Amino acid sequence: MTVNGLLQISFYLLIVILLVKPMGWYMARVYENKSCGLDKIMGPLEKLIYRICGINKDQQMNWIRYLTTMLFFNFFGFLAVYVIQRLQIFLPLNPQQFPAVTPDMSFNTAASFVTNANWQAYSGESTLSYLTQMMALTVQNYLSAATGMSLLIALIRGLVRHETTDLGNFWVDTIRGTLYILMPLAFILAIILSSQGILQNFKSYETIHFLQPTTYQQAVTDASGQPINDVNGKPKMQNITLTQQLLPMGPVASQIAIKQLGTNGGGYFNVNSAHPFENPTPLSNFFEMLAILLIPAALCYTFGVMINDKRQGWAIFIAMLIILLPLIFCDVLAEQNGNPAFNHLGIDQNHHHLLSTGGNMEGKESRFGIVNSALWASVTTATSNGSVNSMHDSFTPLGGLIPLWLMHLGEVVFGGVGSGLSGMLMLVIITVFVAGLMVGRTPEYLGKKIETYEMKMASVAVLIMPLIVLVFTAFAVVTQFGTSAIANPAEHGFTEILYAFTSMVNNNGSAFAGINAAMPFYTIVGGIAMLFGRYWIAIPTLAIAGSLVRKKVIPRSAGTLPTHTPLFILLLVSITIVLGALTFFPALALGPVVEHLILWENN
Amino acid sequence: MWTESLKQLKTAFLFIIVMTIITGLIYPAIVTGVAQLLFPWQANGSLIKQNNIIVGSQLIGQNFTDAKYFWGRPSATSPYAYNASSSAGSNLGPSNPDLITAIKQRIDVLHKADPQNKQLIPVDLVTTSASGLDPDISPLAAYYQMERVAKARGLSEDVIKKLIDSHITSRSFGFLGEPRVNVLQLNLDLDKLSAHQ
């Protein structure tokens with residue numbers, strides 16, 4: 001680890017930690033319907049939306065109502081994304097005349113954006129019109145994030161309120177989350193990003209004239225498009241020289257801002273935040289990374305405020321940080337070490353202060369180097385963001401194992417906005433139960449008794465993800481559909497498949513991108529995996545909220561296990577790691593672990 | 001029950017339309033307005049113009065293979081390197097034999113263009129970038145090519161070194177990101193320098 005690397009990582013984490021309290025406090029005000037400073041600007045708009053949509057903001061919902069409202073709402077969101085992609089050729093703001101997106105790809109992208117996964121099977125700059133990017137993708141970037149936050153708030157209300165069935169109003173939570181939290185932040189971030197060189201316009205693609213013309217070879221084809229072979233039976237090639245090319249344009253900054261803040265992660269361009277127009281400078285990189293962690297981290301504090309015991313929020317925050325910190329450092333070290341296969345080729349992989357970043361630079365950008373690439377990879381997979389600024393597929397085996405395993409933990413180390421903390425609260429319930437069993441105390445959390453029903457639902461929520469990931473991966477590995485999409489041979493190819501399903505079921509969206517995600521098998525099965533991953537976890541989570549909210553609050557007694565102490569934090573961290581490690585260790589052993597051993601053995 | 005559900009459906013439908021207008025039209029339109037007002041050059045692609053011709057964007061790399069120019073990172077875009085409308089990384093895994101083959105080829109090309117240069121090759125000169133459009137190389141990779149460029153242009157290495165030094169972008173605020181050299185800018189100024197000599 002270089003001194004500068006240490007400095008960059010510490011500075012980043014310090015800023016995140018400093019923002020947790022003010023941001024968390026602000027969000028609590030928003031969800032508790034208190035004045036928060038933006039009421040003059042957003043208040044009238046909020047009221048207007050209630051009126052147009054016929055929403056009674058004082059109506060309370062029980063958990064089933066809250067759930068069905070969310071499902072109806074997501075269903076229409078899904079339809080909208082699908083239909084806009086299919087019709088984009090007939091719609092305005094399509095200067096490059098991109099045709100309709102194929103049905104299976106449209107399905108995949110719709111599932112991907114509604115579930116907050118934002119898995120990217122499409123290549124933005126050559127597939128999607130400006131209108132599709134804005135009215136389909138940007139909209140779902142907002143709404144899927146706001147939905148995740150609403151679910152968490154309902155769960156928190158389940159813990160706070162007692163002897164009632166009311167969990168709040170889904171519409172009110174979603175609208176307030178969008179208008180008061182996401183939109184102002186996204187606006188500020190988008191302007192900062194555009195100052196750094198991220199595009200924000202509606203112009204058609206710009207022609208540029210090369211300084212040095214570029215030449216490449218292309219197969220000669222006959223009139224019907226078939227390649228022509230020469231006398232030796234090899235395809236005939238011709239040289240093509242280009243003196244100019246097109247630069248993509250579009251409303252990028254507005255989408256990137258919310259893509260980062262809402263832990264969405266679906267890029268405007270094919271290579272996501274590695275693209276210089278999506279992430280042009282170290283400063284834009286810093287703000288984009290800050291936006292990834294900001295809301296998920298601050299929600300821990302919001303939780304503390306809403307349950308009226310801030311220590312509980314900090315305890316969870318610390319548990320998450322304890323898991324994330326060492327993994328960040330391991331990832332940076334693994335990448336800085338470089339690729340042992342290059343050792344005897346006369347290549348300089350060493351770090352030279354102020355001269356060269358060194359390390360494993362395959363699939364990384366010069367302006368980010370090793371530190372910012374590995375830091376981003378860890379943070380984007382710890383949360384369910386999934387945007388990338390380097391190609392994870394080309395990471396060293398251990399450097400790639402860490403992002404993969406961070407997702408295997410179930411996206412609870414900060415996790416997605418809302419969904420991350422809800423997932424962690426499931427693990428808290430399990431921890432309380434296990435701890436209760438060990439010392440013979442009645443398990444309770446924040447004064448609510450944890451009984452069979454909660455335990456069953458928490459187990460379902462925790463076990464569904466590994467079940468779907470492993471079954472789908474196994475299916476893909478033994479079928480032609482699954483294996484024909486692999487780009488890299490042997491164990492690395494297996495890791496590509498495992499990563500793909502891990503990412504989709506956990507609604508992360510990053511990829512070992514060599515895999516051909518555009519094949520119908522992956523677009524369709526993957527789309528289903530994303531929908532399962534989101535809703536099969538949302539349902540038991542809300543069921544727990546519905547059950548807890550009916551219970552009485554038991555006064556604290558000598559028999560109560562305190563849930564804010566270092567001991568409890570340690571227990572929570574252990575349960576999280578053991579669950580993730582045990583479920584996925586065999587699969588990881590077949591992929592990155594074997595690859596690491598072979599790669600270092602052979603060199 | 002049914003009328004309740006129907007009402008819920010209607011609300012959901014209207015809600016999507018209203019939110020699409022707010023977050024999908026009004027929000028990007030306002031951001032575009034403000035960005036165009038405050039940062040028009042950046043928001044429109046950071047384009048570099050010479051004699052009223054757009055020669056490129058400061059942010060998007062171009063393919064250089066001529067000995068008299070500095071070369072950028074290898075690029076994995078298709079069908080040609082640095083294809084700006086089709087960003088892509090190689091996605092080759094660290095143990096993939098194709099990766100080693102590709103790197104050996106790049107090493108050969110570098111050695112052939114500059115047979116006297118016996119220095120170790122900086123890793124960023126033989127590995128593809130994530131986007132395939134990386135506009136920068138490390139200062140070390142620029143110094144590595146100094147001798148070749150000087151020879152091809154008949155300029156002294158001192159002059160070239162000074163030019164490189166003046167093109168190094170250091171870390172933001174002294175610690176964020178990595179030091180780097182913008183290849184297109186460097187080559188444009190190199191051409192200007194040659195024209196003056």
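No experiment lies behind these values; they were computed from the predicted model shown. Numbered from 1 within each chain, the chains take letters A, B, ... in sequence-line order.
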Engaged part of A:Phe368 at the chain B interface, taking heavy atoms whose separation is under 4.5 Å
backbone

Given 3.5 Å as the limit, does a donor-acceptor pair link the side chain of A:Asn201 with the main chain of B:Ala43, or not?
yes

Is the number of heavy atoms from other residues, nucleotides or ligands within 6.0 Å of CZ (A:Phe75) greater than 12?
no

Between chain B and each of A:Pro251, A:Ala490, A:Ser195, count heavy-atom pairs under 4.5 Å; write down the option with the most.
A:Ser195

Side chain, backbone, both or neither of A:Ala186 within contact of chain B (heavy atoms, under 4.5 Å)
both

Minimum heavy-atom distance between B:Asn44 and A:Met249, given as atom pair plus value:
O-CE, 3.7 Å

Between B:Leu47 and chain A, with a heavy-atom cut-off of 4.5 Å, which part of the residue counts as in contact: side chain, backbone, both or neither?
side chain

Is A:Pro397 close to B:Pro94 at the side-chain level, that is, under 4.5 Å between some pair of heavy atoms?
yes

Looking at CG of B:Leu25 and CE of A:Met134, how far apart are the two atoms once the value is rounded to the nearest 0.5 Å?
5.5 Å

Once rounded to the nearest 0.5 Å, what's the spacing between atom CE of B:Met19 and atom CD1 of A:Ile175?
6.0 Å

Under a 4.5 Å heavy-atom cut-off, does chain A meet the side chain of B:Ile103, its backbone, both or neither?
side chain

Can you name the nearest heavy-atom pair linking B:Ser85 to A:Ser126, along with the distance?
O-CB, 4.2 Å

What residue in A:Leu283, A:Asn372, A:Thr174 has the most heavy-atom pairs under 4.5 Å with chain B?
A:Leu283

Geometric class of the B:Phe15/A:Phe73 ring pair [parallel <30°, tilted 30-60°, perpendicular >60°]:
perpendicular

Hey, are the side chains of B:Gln8 and A:Arg65 touching, using non-hydrogen atoms and a 4.5 Å cut-off?
yes

What part of A:Ala513 gets closer than 4.5 Å to chain B, counting heavy atoms only: side chain, backbone, both or neither?
both

Search all heavy atoms of B:Ala12 against all heavy atoms of A:Trp171 and return the closest pair with its distance.
CA-CH2, 3.5 Å

Test log, rule side-chain contact (heavy atoms from CB on, under 4.5 Å), inputs B:Ser95 and A:Glu595
CA-CA 7 Å; B:Ser95 59; A:Glu595 191 188 4; 2.6 Å; yes

Can you tell me which portion of B:Leu133 sits under 4.5 Å from chain A's heavy atoms? Options are side chain, backbone, both or neither.
both

Checking B:Val18 against chain A: side chain, backbone, both or neither under 4.5 Å from a heavy atom?
side chain

Test side-chain contact (heavy atoms from CB on, under 4.5 Å) on A:Thr178 and B:Thr23; report intermediate values, then the result.
CA-CA 9 Å; A:Thr178 307; B:Thr23 59; 4.0 Å; yes

Bottom line for B:Phe175: the part with an atom under 4.5 Å from chain A's heavy atoms is both

Keeping the roles fixed (side chain from A:Asn488, backbone from B:Leu92), state whether a donor-acceptor pair exists under 3.5 Å.
no

Given heavy-atom pairs under 4.5 angstrom as the criterion, report whether the side chain, backbone, both or neither of A:Leu242 touches chain B.
side chain

A:Pro340 portion near chain B, given a 4.5 angstrom heavy-atom threshold
neither

Side chain, backbone, both or neither of B:Ile22 within contact of chain A (heavy atoms, under 4.5 Å):
both

Donor-acceptor contact below 3.5 Å, side chain B:Gln36 vs main chain A:Gln200:
yes

May I have the step-by-step check of ring pair (Phe, Tyr, Trp, His ring centres under 6.0 Å) for A:Phe210 and B:Tyr82, ending in yes or no?
CA-CA 11 Å; A:Phe210 287 133; B:Tyr82 286 93; 9.2 Å; no

The reported gap from CD1 in B:Ile168 to CG in A:Leu354 (rounded to nearest 0.5 angstrom) is 8.5 Å

Could you walk me through whether B:Val55 and A:Ile208 pass the side-chain contact (heavy atoms from CB on, under 4.5 Å) check?
CA-CA 5 Å; B:Val55 291; A:Ile208 59 142; over 6 Å; no

Mark yes when over 12 heavy atoms from residues, nucleotides or ligands other than B:Lys7 sit less than 6.0 Å from its NZ; otherwise mark no.
no

Return the NE2 to OG distance between A:His275 and B:Ser87, rounded to the nearest 0.5 Å.
4.5 Å

Is there a side-chain contact between B:Phe13 and A:Phe72 in this structure, where contact means two heavy atoms from C-beta onward sitting under 4.5 Å apart?
no

Using atom types as modelled and distance alone, determine if a side-chain donor or acceptor of A:Asp348 lies under 3.5 Å from a backbone N or O of B:Ile121.
no

Measure from the side-chain N and O atoms of A:Glu365 to the backbone N and O of B:Ser129, and report whether any donor-acceptor pair falls under 3.5 Å.
no

Indicate yes or no for a side-chain donor-acceptor contact from A:Asn270 to the backbone of B:Ala88 under 3.5 Å, with no hydrogens or angles considered.
no

If you count heavy-atom pairs under 4.5 Å with chain B, which of A:Leu246, A:Ile55, A:Ile347, A:Thr138 comes out on top?
A:Ile347

Please flag which part of A:Phe76 lies under 4.5 Å from any non-hydrogen atom of chain B: side chain, backbone, both or neither.
both

What pair of heavy atoms forms the shortest contact from A:Phe342 to B:Val123, and how long is it?
CD1-CG2, 4.4 Å

In terms of heavy-atom proximity below 4.5 Å to chain A, should B:Asp191 be classed as side chain, backbone, both, or neither?
side chain

Just wondering, do A:Pro276 and B:Ser57 contact through their side chains at under 4.5 Å, heavy atoms?
no

Any donor-acceptor pair under 3.5 Å from A:Ser356 side chain to B:Ser138 backbone
no

How far does CD1 of A:Ile198 sit from CZ of B:Phe39, to the nearest 0.5 angstrom?
12.0 Å

How long is the gap from CG on B:Leu176 to CZ on A:Phe11, to the nearest 0.5 Å?
6.5 Å

Checked A:Phe269, A:Tyr205, A:Phe395 vs chain B; the most non-hydrogen pairs under 4.5 Å come from A:Phe395

What part of B:Pro74 gets within 4.5 angstrom of chain A, counting heavy atoms only: side chain, backbone, both, or neither?
neither

Are any side-chain N or O atoms of A:Asp393 and backbone N or O atoms of B:Gly93, one a donor and one an acceptor, separated by less than 3.5 Å?
no

A:Lys364 backbone acceptor or donor facing B:Arg73 side chain under 3.5 Å:
yes

Quick check: do B:Asn96 and A:His492 have side-chain heavy atoms less than 4.5 Å from each other?
no

Structural part of B:Ile16 lying under 4.5 Å from a heavy atom of chain A
side chain

Below 4.5 Å from any heavy atom of chain A, which atoms of B:Thr65 appear? Answer side chain, backbone, both or neither.
both

Structural part of B:Pro79 lying under 4.5 Å from a heavy atom of chain A:
both

What residue in A:Asn602, A:Ile191, A:Leu211 has the most heavy-atom pairs under 4.5 Å with chain B?
A:Leu211

For B:Ala130 and A:Met391, the nearest pair of non-hydrogen atoms, with its separation, is O-CE, 3.7 Å

At a 4.5 Å cut-off on heavy atoms, which part of B:Tyr69 comes close to chain A: side chain, backbone, both, or neither?
side chain

Quick check against the 3.5 Å criterion: does A:Gln245 have a side-chain atom that pairs as donor or acceptor with the backbone of B:Ala84?
yes

Distance-minimising heavy-atom pair for B:Asp66 and A:Gln212
N-OE1, 3.2 Å

